[in-house]
Amino acid sequence: MKLIIAIIKPFKLDPVREALSDIGVQGLTVTEVKGYGRQKGHTEVYRGAEYSVNMVPKLKLEIVAADDLAPRVVETISAAAATGSIGDGKIFTLDVGGAVRIRTGETDETAL
Amino acid sequence: MKLIIAIIKPFKLDPVREALSDIGVQGLTVTEVKGYGRQKGHTEVYRGAEYSVNMVPKLKLEIVAADDLAPRVVETISAAAATGSIGDGKIFTLDVGGAVRIRTGETDETAL
Amino acid sequence: MKLIIAIIKPFKLDPVREALSDIGVQGLTVTEVKGYGRQKGHTEVYRGAEYSVNMVPKLKLEIVAADDLAPRVVETISAAAATGSIGDGKIFTLDVGGAVRIRTGETDETAL
Amino acid sequence: MKPTLGLAGRALAFSAPLLFSLPAFAQEAAEAAAPVVDKGDVAWMMTATVLVMAMIVPGLALFYGGLVRTKNMLSVLTQIIAVASLAMLMWAIYGYTMAFGDGGNAFIAGFGKMFLSGITADSTAATFSDGFVIPEFVFISFQMTFSAITVALVIGGLVERIKFSAVMVFAVIWLTIVYYPIAHMVWATGGLIFEWGALDFAGGTVVHINAGVSALVGAIILGKRIGYQKEVMAPHSLTMTLVGTGLLWVGWFGFNAGSALEANGGAGLALINTFLATASAVLFWMLTERVLGHKSSLLGACSGAIAGLVAITPAAGNSGPMGAILLGLVAGILCCVFVMKIKAKLGIDESLDAFGIHAVGGIIGSILTAVTMLPSLGGPGGDDYAVGAQLIIQIQAVVVAIIWAAVGSAIAFTVAKVVTGLRVSEEVEREGLDLGEHGERAYNY
Amino acid sequence: MKPTLGLAGRALAFSAPLLFSLPAFAQEAAEAAAPVVDKGDVAWMMTATVLVMAMIVPGLALFYGGLVRTKNMLSVLTQIIAVASLAMLMWAIYGYTMAFGDGGNAFIAGFGKMFLSGITADSTAATFSDGFVIPEFVFISFQMTFSAITVALVIGGLVERIKFSAVMVFAVIWLTIVYYPIAHMVWATGGLIFEWGALDFAGGTVVHINAGVSALVGAIILGKRIGYQKEVMAPHSLTMTLVGTGLLWVGWFGFNAGSALEANGGAGLALINTFLATASAVLFWMLTERVLGHKSSLLGACSGAIAGLVAITPAAGNSGPMGAILLGLVAGILCCVFVMKIKAKLGIDESLDAFGIHAVGGIIGSILTAVTMLPSLGGPGGDDYAVGAQLIIQIQAVVVAIIWAAVGSAIAFTVAKVVTGLRVSEEVEREGLDLGEHGERAYNY
Amino acid sequence: MKPTLGLAGRALAFSAPLLFSLPAFAQEAAEAAAPVVDKGDVAWMMTATVLVMAMIVPGLALFYGGLVRTKNMLSVLTQIIAVASLAMLMWAIYGYTMAFGDGGNAFIAGFGKMFLSGITADSTAATFSDGFVIPEFVFISFQMTFSAITVALVIGGLVERIKFSAVMVFAVIWLTIVYYPIAHMVWATGGLIFEWGALDFAGGTVVHINAGVSALVGAIILGKRIGYQKEVMAPHSLTMTLVGTGLLWVGWFGFNAGSALEANGGAGLALINTFLATASAVLFWMLTERVLGHKSSLLGACSGAIAGLVAITPAAGNSGPMGAILLGLVAGILCCVFVMKIKAKLGIDESLDAFGIHAVGGIIGSILTAVTMLPSLGGPGGDDYAVGAQLIIQIQAVVVAIIWAAVGSAIAFTVAKVVTGLRVSEEVEREGLDLGEHGERAYNY
Ligand SMILES: Nc1ncnc2c1ncn2[C@@H]1O[C@H](COP(=O)(O)OP(=O)(O)O)[C@@H](O)[C@H]1O
Ligand SMILES: Nc1ncnc2c1ncn2[C@@H]1O[C@H](COP(=O)(O)OP(=O)(O)O)[C@@H](O)[C@H]1O
Ligand SMILES: Nc1ncnc2c1ncn2[C@@H]1O[C@H](COP(=O)(O)OP(=O)(O)O)[C@@H](O)[C@H]1O
């Protein structure tokens, strides 16, 4: 199993979710995060106090998928989240050693 | 060492935390997340505009534990977080290569 | 490639970010989390109802770095985030199997 | 037009300090000169009415709403705006006539003014001063807001678990069998407690004891919230509670100084007392927190403000400024001790302390009003003022209010339980009443 | 000082119930006794003016602001405070004289009072009662707040995509070619619609139909928000919307009862009607939600409140209390059906329902005012009141207001488009107008 | 009852435009006819008092609270409600008599009215018009709110690092040695500055210069916040700041038009000026932001509103409407330039710009009041009005206020430092004063 971590632009959540559904991904977890990278932040001014905010709001998606599905998950996210402009985000893949569905106690791929 | 990622129902945080304490887990990190899976979301209506919110609020627990403790951590969470109804969540286990305690510089299992 | 997960005190974000910049880290992702460990929480009282809040607000940094850079990242964070007092946080290192830059489709280390 | 409300032969004018209470039911006695409508009185009474409205929505709604958890915020706001709206319609339809209509007995008035029939823009109601009347529509509106806020106050004991439908059913019954009769008994000529000579300037018994006791009864019948005294149930936004407190304080000047029914020195007395008792209770609640080993808190300051406002309510025109400071001091300390030390031991989840502040503060105020009247304390009592006798009357009034409210609200909650089931399902309670009962969420940041 | 405003020979007093409308332009006729300034009237009219101010900032700002997404919160607040400020300066400079100055024709008044020239603290304006005047500065201020809130209401159709500069340009033109003429036509002696005998107590046509129709036109010209009916655009803080609703309700008593221009029984009638119509619409909107298969919601209650307030506006002094309840009922149901069922089908992103509530509610209220006048419904119409004739006049007035507002706002938006481009870039719209237009964020929790 | 306050032989009536200032200390001269209490005046003055209360809590509390970081929100709210409550009690105990009691000298009045002794609901205070008085309790309450808001304003310079106990100690001393004497000097017959003939309609010197200078002194003594000009200290909720701004604007009509002490044309003038100066400053602050290379912001609009309100305060009844617009323009531009360009260079962490807006705006207003009086600008000065002489008097008054406030507040902060340590520990400052000082958190979303 793989854990796929994708950092995307917030307004791309819906298209990505739908695209993933289409390829059979049945669950995912989303976290609101902030990031920086190539994409720079912006400047805010409050009564003369100027603050440069270098973090940009992003969403982090975490999806655990069976080994064979994983590459397609990466591709699908990559396609659905792209706008072509800077800050589109990254996708990382990690190995998962085990999975449990709390409700049933099922383990590994049946737990997904 | 293992990183145990558990997605649970928010109101189960306290029981899980206590159960983990009992088996000697001395630290953990919690993130507010949203997820979807078998459990469907709900519909909200604002003056006729109907939005289906497919994400359900969950908590993500991250615990790094020594290899021998890890299976008990998984079991303990599994037991304490279960309600038997859909949406109870998942537990994933990953390998951790190294750990550092920032305050002291201690590494690996002594850092936990 | 390595995924470095660092849990730090919130007010240490700026120094850590700057220190990482200096060693060539070009991107990172930050999440607001709560944690507990050695550092205990505090007590809040609302009209006689006393609640002990055992979670302390922290920031979680996630940085994916090339294998050779990774140890320096860990050291740098460790140095910049330390105050010497309890609750300074932890740094964990995990292996990353692959990376993609969504915008360009670049993979692995070129994607960072 | 003859005045529709009078004062049963009592001479109430500020130049001859005397007992104060809301004006009562129509007197038929012909008066020497035609009474006049002074536009200054009208201006003030309309303003006062608007101020009491501000106490309900947004005032009380925010005060209570800030104290619950995020997931139940909208349910509190919705219950308050809906129940207040209901109370307004009911007041126009049959509440006003039951409380202040012509005829009737010691418990309720007659039904001749149902649907406000016969009342026009020219109809007038008596004030406390001979010869001065105000437009009856203004008097009706002013009193309408009192009935609306009182029923809304009860919600403080019920939040985070009661069904919306149950609140509505409860309100209909409770207003009918508790509020209208008590308002009549205390404030209308011929009313039981009014005739005893009890002092209740702006509603210590009618509003606060009444609502506080009913909230307690409701909390008992409903049972505790899931997780009570186990889970963290910290207020989701003390900022909103502060806004509510501020608006309540601001609006309460309408409530108290408006109860003078005129823009005169008596209203001015009620005004300054409403400042001082409140300020005093804010500070003494915060001091009491310290003495009890805690930090002085904002919620303490806000709770103190309400305790002071409640306590000065029956005494607003029946006290001198220093009496008001004393009253605030006593209410601030005792209410604080009650909710911080005693309440937890009772094991009742009277969630937002409607009892602990409104009933306890109302009892303190209603009883001590007998004391603040004393001229030696700067009070407006005359030389022949008999504090002992008045004290007994005040206690009697309090006891009647407590019993009536307790029995009546028990009936009302029981009926609501039969009709609606009263309490939401465990699942809705956990997920929050906002989604479960109203299909919305309060915040989408 | 002779009165600067008069009532063109109409005898309007409450003892002889009659048609109601705002006072009109200067009459030269000498009056028997010197008119007096009653301080009670002054007190009330200053209070009423302040109350209308509270409706704009913070009232309307929060009502609208709570309904948009977090990233656009500040843009709504900024647009409202800026446009209201602009309207105030314009009113003093040339708006007042265009609407209520001396001379002029059926469409606008003369320009003699530009820069408020000649007006001092001693100048007075007529009320509806012979012999009573109020300080002209107070009348000017009261009317100033009306112009300010009306232009701010239009923003409801434009949020989350319009440029700040576009709002300002639009406002200048729109106030000049739409608001000032319509205010003159409806409320000033010699005004087209005023002379027909149309009833508009506090601004059903001038304020609500006017603003609602203009918002619709603006929404059409601007086009839909990116993601409309696709993305979740849930209100970011219904709490703020409730606060706004409460302040609007509270302030509306100044709006409606202030439109009596005096502190008298007629104001009292407007006061009670403003309670009852609103309460009724709150409850019937929530009931309608149920009937349509949804849960009763807080946003429903708030929307109902506004619908009721809008509907009673033209009728506030032209209805009995039971008529007000009926009006609230009709407005609550119809506005709810419109925004929940009909609006979605039109495919127009009239974002915050300024049209659906203000125009629809305003039309309902303006037309039904002919009905609520009926003495058989408790209305203040005399025995010879001809409902049919009045109905036709009311419909005519509504039609003129709709057409004038539609054409005028189309011109104003078109000019704003030419000058400023009207709409923010796609990038700014996505990121939020707060950062893109104002360089700030609303919340940093 | 004879009037307890009089006007030292000055004839102040609007029909003969003249210098304006608050009424002064008791005159013994018998007056021809018994003075009357007009209920319209009473209605307005009670309303005005309530409006000023709304400026403090929730108004100022939210305005300031929104500007700090989340972790310090409650500390600001708590400091404001507590310090205002303290000021109210102190006013009743010895503040009123020190400022407005009988006897005394050029700096303070006598102590005969300590504990408000001898004052009843029948006592009256003079207004500016011969023959008209208002209930003394109303006058006391109105002035009480002024003392309360002034001390609360100082907190703007101290937030996010001062101990709660230090604020309380400071307040006791500062009110005693700064506020009461300055109020006496400026507003009471016999007072130093009053006798010079200085114009301060509603408190430009007494309230704004006073509070602003004291805040600056406090900021210097306290030192900068940890991380000042390094860390991001963005306002945690500009929404709350907007709500505060709205309530301040709304309440300020009570502050300014209430300072006329009557419901008359003069109050109407203050009313319209308070609209226009504020609207003007809102727009010109936003324009100045543009000129300085930034976007027009909501915080700019809010800051402009306060700057305009502050500047018109001394001139509210001493200016024509066009003078008010000009005053707003000047204050909007200069205050904006000060806080955006000059302040940063001073290196003082005067955190929420109490100095930059209240002192700077107050100085502008106080000095320019000499100019707005000019009849050629539509001001109420008579034909013989000598602008040069008045200008010198105004400058003198400003200088005295600045020096008195600076010295007095230095003493008060020093004592507070000795008694309490003044500043929280570094750990508490980092974690936030809400938890460290009050044991609560503002939000639990
Ligand atoms: N090395 C990294 N480790 C973790 N997260 C990263 C890293 N680099 C970028 N990110 C995340 O990806 C987001 C997008 O990256 P950025 O470099 O701005 O754009 P792009 O991927 O288009 O080059 C960042 O905001 C950050 O959250
Ligand atoms: N494949 C997955 N990858 C990551 N998170 C998942 C995945 N499937 C489910 N989750 C998370 O687990 C939560 C519970 O899953 P769900 O399928 O709804 O219930 P259950 O585990 O009882 O079958 C989801 O809300 C989501 O946060
Ligand atoms: N075993 C663990 N797994 C995951 N996170 C942990 C673990 N132990 C501690 N943490 C995180 O690190 C933070 C700091 O740890 P703590 O033990 O309080 O301080 P220190 O690292 O100085 O000993 C905690 O608040 C928690 O977020």
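Each chain gets a letter, A, B and so on, in the order the sequences are listed, and its residues count up from 1.
For E/M73, no part lies under 4.5 angstrom from a heavy atom of chain D. D/L435 touches chain E through its backbone: at least one of N, CA, C or O sits under 4.5 Å from a heavy atom, while the side chain does not. Residue contact with chain E, scored on non-hydrogen atoms closer than 4.5 Å, involves the side chain of D/M168 exclusively. Using a 4.5 Å cut-off between heavy atoms, E/F275 touches chain D through backbone and side chain atoms alike. Interface remark: D/P58 contributes backbone and side-chain atoms alike to the contact with chain E (heavy atom separation under 4.5 Å). Only the side chain of D/T145 comes within contact range of chain E, with heavy atoms under 4.5 Å apart. Heavy-atom distances place the side chain of D/A61, and not its backbone, under 4.5 Å from chain E. Residue D/E437 touches chain E through its backbone alone, counting heavy-atom pairs closer than 4.5 Å. Both the backbone and the side chain of E/L299 come within less than 4.5 Å of a heavy atom of chain D. E/S297 touches chain D through backbone and side chain together, each having a heavy atom under 4.5 Å away. Within the 4.5 angstrom heavy-atom criterion, atoms from both the backbone and the side chain of E/L276 approach chain D.
Contacts of residues 244-255 of chain D with chain E at a heavy-atom distance below 4.5 Å are absent; not one residue qualifies.
Taken from CZ in D/F142 to CD1 in E/I272, the straight-line distance is 13.5 Å, to the nearest 0.5 Å. Atoms CG and CD1, from E/L269 and D/I119 in turn, are 11.5 Å apart once rounded to the nearest 0.5 Å. Put simply, CG on D/L74 and CG on E/L298 are 5.5 Å apart, with the number rounded to the nearest 0.5 Å. Atom CG of D/N444 is separated from atom CZ of E/R69 by 11.0 Å, given to the nearest 0.5 angstrom. For the atom pair D/F137 CZ and E/L271 CG, the distance stands at 10.5 Å (nearest 0.5 Å). Between the NE2 atom of E/H236 and the OH atom of D/Y445 there is a distance of 5.5 Å, given to the nearest 0.5 Å.
Judged by the 6.0 Å and 45° rule, E/K295 forms no cation-pi pair with D/F164.
By number of non-hydrogen pairs under 4.5 angstrom with chain D, the leading residue of E/T70, E/I325, E/T47, E/L283 is E/L283. Put simply, of E/A305, E/P321, E/A43, E/G304, the one with the most heavy-atom pairs under 4.5 Å next to chain D is E/P321. Listed options E/A257, E/A281, E/P235 were ranked by heavy-atom pairs under 4.5 angstrom with chain D; first place goes to E/P235. Interface check for chain E: of the options D/L86, D/V138, D/V37, D/I140, the most heavy-atom pairs under 4.5 Å are formed by D/L86.
Listed here is the closest heavy atom pair of E/M286 and D/A82: SD-CB, 4.2 Å.
Remark: the backbone N or O of E/S296 is paired with a side-chain donor or acceptor of D/H438 at under 3.5 angstrom.
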For this session: Assess whether side chain to side chain contact (heavy atoms under 4.5 Å, CB included) is satisfied between E/T239 and D/L62, documenting all intermediate values.
Result: CA-CA 8 Å; E/T239 299; D/L62 293 179; 4.2 Å; yes
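You'll find the side chain of D/P135 stays beyond 4.5 Å of the side chain of E/N264, heavy atoms only.
Ion pairing between a basic and an acidic side chain is recognised when a charged N comes within 4.0 Å of a carboxylate O; E/D41 and D/K39 show such pairing.
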